[in-house]
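One structure below.
In this chain, numbering begins with 1 at the start of the sequence shown.
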Amino acid sequence: MSLDQHLQPTESFTAPDSPRDRADAVYRQLFGWSVQWRGSRPFLSLENGICAATLPKLSAAPVLARLAAIGCPGPAVVVSTPHGQRVAVLAETDGLIPPPSALPLAVEVLAWGALLPLPLDPRRGAPGMEWLVAPDPRRRWLPSLDAVLAALHQR
């Protein structure tokens, strides 16, 4: 049995009872993400080489399609903000974070210490907080930030 087969949930897997326990089982134990809880909401602490490129939701579909086409479909979550919905594409920092002036208009990179809200249900999400590309246990790696930024620059 391969390592991937050991990591994938099986039919005999008994899911934890509470939503918090289910979220912890997936986000922390399966993916190894640093999760902090604020009340009843999980947040991904962007550290240990994980960052997120955010862009307006209306601009996200072509970027996600380009990432999928080159084999780099990283998890992407919709986040509601006071300025509308944005999509945060999780990525691996692969060096320095570029300054805001080097990013396309309306794109921001969140890193080191930022907290990104996560859906309480790791598979489906909820209204206003959903996965456009859910984290996949068979593809636990994240795309590089360079790949995500290249997909953004191709608009």
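The side chain to side chain contact (heavy atoms under 4.5 Å, CB included) with V109 is formed by just one residue from the set V148, V89, L103; it is L103.
For the atom pair CZ (R38) and CZ (F43), the distance works out to 7.0 Å, reported to the nearest 0.5 Å. Interatomic distance, R41 CZ to L120 CG, rounded to the nearest 0.5 Å: 8.5 Å. Atoms CD and CG, on Q85 and L132 in that order, are 9.0 Å from each other to the nearest 0.5 Å. For the atom pair CZ of R28 and CG of L44, the computed distance is 11.0 Å after rounding to the nearest 0.5 Å. For the atom pair CH2 of W33 and CG of L142, the computed distance is 6.5 Å after rounding to the nearest 0.5 Å. L152 contributes atom CG, which lies 7.5 Å from atom CZ of R66 (distance to the nearest 0.5 angstrom).
Nearest heavy-atom pair across P42 and Y27 is CG-CE1, 4.4 Å. For the pair P73 and A68, the tightest heavy-atom approach, listed with the atom from each and the gap, is CB-CA, 4.1 Å. Here the closest heavy-atom approach between residue S59 and residue V63 is recorded as O-CG2, 3.7 Å. Closest non-hydrogen pair, P119 versus W131, comes out as CG-NE1, 3.4 Å. Nearest heavy atom pair, residue F31 against residue P135, reads CZ-CB, 3.5 Å.
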Check residues 46-57 and write down every donor-acceptor pair under 3.5 Å in which the side-chain atom is one partner and the other belongs to a residue at least two apart or another chain.
residue : atom : partner : partner atom : Å
E47     : OE1  : S45     : OG           : 3.1
E47     : OE2  : S34     : OG           : 2.9
T54     : OG1  : R86     : NE           : 3.4
T54     : OG1  : R86     : NH2          : 3.0
T54     : OG1  : E108    : O            : 3.4

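In this structure the side chain of E92 never reaches within 4.5 angstrom of the side chain of P143, judged on heavy atoms. In this structure the side chain of L149 reaches within 4.5 angstrom of the side chain of P98, judged on heavy atoms.
Shown here are the side-chain hydrogen bond (donor to acceptor under 3.5 Å, both in side chains) partners of D146, two or more places apart in sequence or in another chain: there are none.
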Residues V77, V133; criterion side-chain contact (heavy atoms from CB on, under 4.5 Å); working and verdict:
CA-CA 7 Å; V77 65; V133 180; over 6 Å; no
